[in-house]
Amino acid sequence: MSQSLCNYDIHKPELLVNSKTLNTQELLDVVTETNNYILQLTDLFTQMDFNLFEITGQRNLSGLLGEIFSTFFSMKFDDFVNNPHPDGRPDILDLSDDISKNYYTNECFQIIDGKTKPIKSKLSPFPYDGIEVKCTIGSQRNYKEILKSRIGSDTFNIGIPRIEYLSDLVWWAHHIHSKSLLGLYYDYYENVNFAPQIMAVFYSNLVSTDWSNVSLGNPNSKKTSNTSLTKNGKNKMKQNCLLSINDPLYYNQFKKIGILK
């Protein structure tokens, strides 16, 4: 078990993923390993006078954190593996039965020029169970004037904590098929020199109507199709907080937006 620089409260001892019961303490180990790895990356790039997270950008940073978390998750829990295709879904595959395991082993890869390559059509979507992992830094309202008086800018740059301005949590996706959703909330944590850290974890089984209508991307721009949780979908997630950081600032703000009581 890794030693975390943050302390957490566990709110639910177990989570039921598909038909498998997972221990939340082990999930906390995954959070700790992810956070520590991010700090190691921060130190390594700081030695090069290179800000990894500024270069990555806010949108890509959320994806990066999710990928790191998913990797440690698959290392911690037996029968779960990362979806090997970059466009695959769900993010983590559940291979806990022989049917899904045989399909994954025998159908999902091909040999090209002597190298094993994942087959997109078999992995996007994977026809059996799995977990979607989505990150959010939350939604903020009425922050521009306060932020400008504090830092001289009304824009949240990389490395500025958002918790004081947090008004809600919402997760985004490219489709409405994210059913078993493991939602991560992260922020730039002051106690570790404003590095991004996972501050809370949520999990819920969703249905397609928990997602808003998909907005199609413009082929002439970088914008891709996207959807976000409806009010009902957000409430499902917020009512299923598995663990959260034991820090008064975050605890009080979580209470204000209806996560903790």
Side-chain angles (χ1 to χ4, degrees), residues 31 34-35 37-39 41-42 44-46 50-73 82-92 120 124-125 131-144 147 151 153-178 181-190 192-202 206 210-230 233-234 237-238 250 257:
V31 171
T34 302
N35 284 346
Y37 188 79
I38 292 167
L39 295 180
L41 285 179
T42 303
L44 289 172
F45 281 97
T46 297
F50 181 88
N51 191 315
L52 171 65
F53 306 118
E54 284 187 358
I55 297 299
T56 302
Q58 187 63 61
R59 181 178 299 179
N60 292 329
L61 175 57
S62 294
L64 174 63
L65 297 182
E67 288 292 336
I68 295 172
F69 177 89
S70 297
T71 298
F72 282 116
F73 185 99
N82 273 14
N83 193 318
H85 197 281
D87 296 323
R89 61 178 169 88
D91 300 307
I92 299 173
K120 181 177 180 179
S124 183
I131 304 170
E132 283 284 341
V133 177
K134 302 294 182 187
C135 292
T136 183
I137 199 166
S139 301
Q140 298 80 28
R141 285 198 301 263
N142 304 323
Y143 64 87
K144 289 183 178 293
L147 198 62
I151 66 172
S153 171
D154 62 3
T155 302
F156 279 118
N157 295 320
I158 299 291
I160 297 177
R162 314 287 181 89
I163 184 61
E164 291 185 70
Y165 313 92
L166 186 68
S167 62
D168 204 357
L169 295 181
V170 62
W171 286 272
W172 295 78
H174 295 298
H175 51 80
I176 61 173
H177 307 295
S178 298
L181 181 60
L182 195 58
L184 311 178
Y185 165 71
Y186 72 97
D187 197 15
Y188 301 102
Y189 194 37
E190 182 176 6
V192 290
N193 200 28
F194 304 102
Q197 298 279 271
I198 297 171
M199 315 306 271
V201 180
F202 304 79
L206 304 174
D210 289 324
W211 296 93
S212 59
N213 293 332
V214 176
S215 172
L216 298 178
N218 187 335
N220 297 318
S221 72
K222 294 182 179 180
K223 184 177 183 290
T224 59
S225 61
N226 65 80
T227 178
S228 61
L229 289 176
T230 62
K234 287 189 290 184
M237 294 294 288
K238 289 160 65 175
Y250 286 83
I257 65 173

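Computed from heavy atoms alone, side chains included, the values below leave out hydrogens, waters and symmetry copies.
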Side chains of L206 and W171, heavy atoms from C-beta outward: is any pair under 4.5 Å? no
For the residue pair Y185 and I198, establish whether any side-chain heavy-atom pair is separated by less than 4.5 Å. no
Is there a donor in the side chain of T227 and an acceptor in the side chain of S212, or the other way round, less than 3.5 Å apart? yes
Looking at CD1 of I38 and CG of L41, how far apart are the two atoms once the value is rounded to the nearest 0.5 Å? 7.5 Å
Exam field: side chain Q140 to backbone G138, donor-acceptor pair closer than 3.5 Å: yes
Point-to-point distance, once rounded to the nearest 0.5 Å, from CG of N60 to CD of E67: 11.5 Å
F72: partners by ring-ring contact (aromatic ring centres under 6.0 Å, His included), with sequence neighbours left out: Y37
Looking only at atom types and distance, does a side-chain atom of T56 sit under 3.5 Å from a main-chain N or O of L61, one as donor and one as acceptor? no
Residues at least two apart in sequence or cross-chain that pass ring-ring contact (aromatic ring centres under 6.0 Å, His included) with F45, listed by chain then number, are F50
Quick one: side-chain contact (heavy atoms from CB on, under 4.5 Å) partners of S62, sequence neighbours excluded? Q58, C135, Y186
I'd like to know if the side chain of T155 reaches the main chain of N157, judged simply by a donor and an acceptor atom lying under 3.5 Å from each other, with no hydrogens or angles considered. no
D91 CG to L181 CG distance, which is reported to the nearest 0.5 Å: 9.5 Å
By side-chain contact (heavy atoms from CB on, under 4.5 Å), which residues pair with K120, not counting sequence neighbours? H85, D87, S124
Is any side-chain heavy atom of F69 closer than 4.5 Å to a side-chain heavy atom of V31? yes
Please give me the minimum heavy-atom distance between G57 and I158, naming the atom from each residue. C-CD1, 4.3 Å
Output the distance between atom CZ (R59) and atom CG (L64), rounded to the nearest 0.5 Å. 15.5 Å
Holding to ring-ring contact (aromatic ring centres under 6.0 Å, His included), I want the full list of residues that pass it with F73, two or more places apart in sequence or in another chain. F77, F80
In Å, rounded to the nearest 0.5 Å, how long is the span from CG of L182 to CE of M237? 7.0 Å
Go through the structure and list residues passing side-chain contact (heavy atoms from CB on, under 4.5 Å) with T46, not counting sequence neighbours. T42
Could you pull out all residues at least two apart from N193 that satisfy side-chain contact (heavy atoms from CB on, under 4.5 Å)? none
Residue set satisfying ring-ring contact (aromatic ring centres under 6.0 Å, His included) with F156, at least two apart, ordered chain then number -> Y143, Y165
With sequence neighbours excluded, what pairs up with D187 under the side-chain hydrogen bond (donor to acceptor under 3.5 Å, both in side chains) test? Y250
Looking at side-chain heavy atoms only, is the closest gap between L39 and Y189 below 4.5 Å? no
Applying side-chain hydrogen bond (donor to acceptor under 3.5 Å, both in side chains), name anything that partners N82, two or more places apart in sequence or on another chain. T71, S74
Which pairs with one or both residues in residues 161-170 pass salt bridge (charged side-chain N to carboxylate O under 4.0 Å, His left out), sequence neighbours excluded? R150-E164, D168-K234, D168-K238
Are the side chains of L65 and L184 in touch, meaning some heavy atoms are under 4.5 Å apart? no
Between Y188 and P196, what is the shortest heavy-atom contact and its length? CD2-N, 3.9 Å
Smallest heavy-atom separation, S228 atom then V170 atom, equals CB-CG2, 3.9 Å
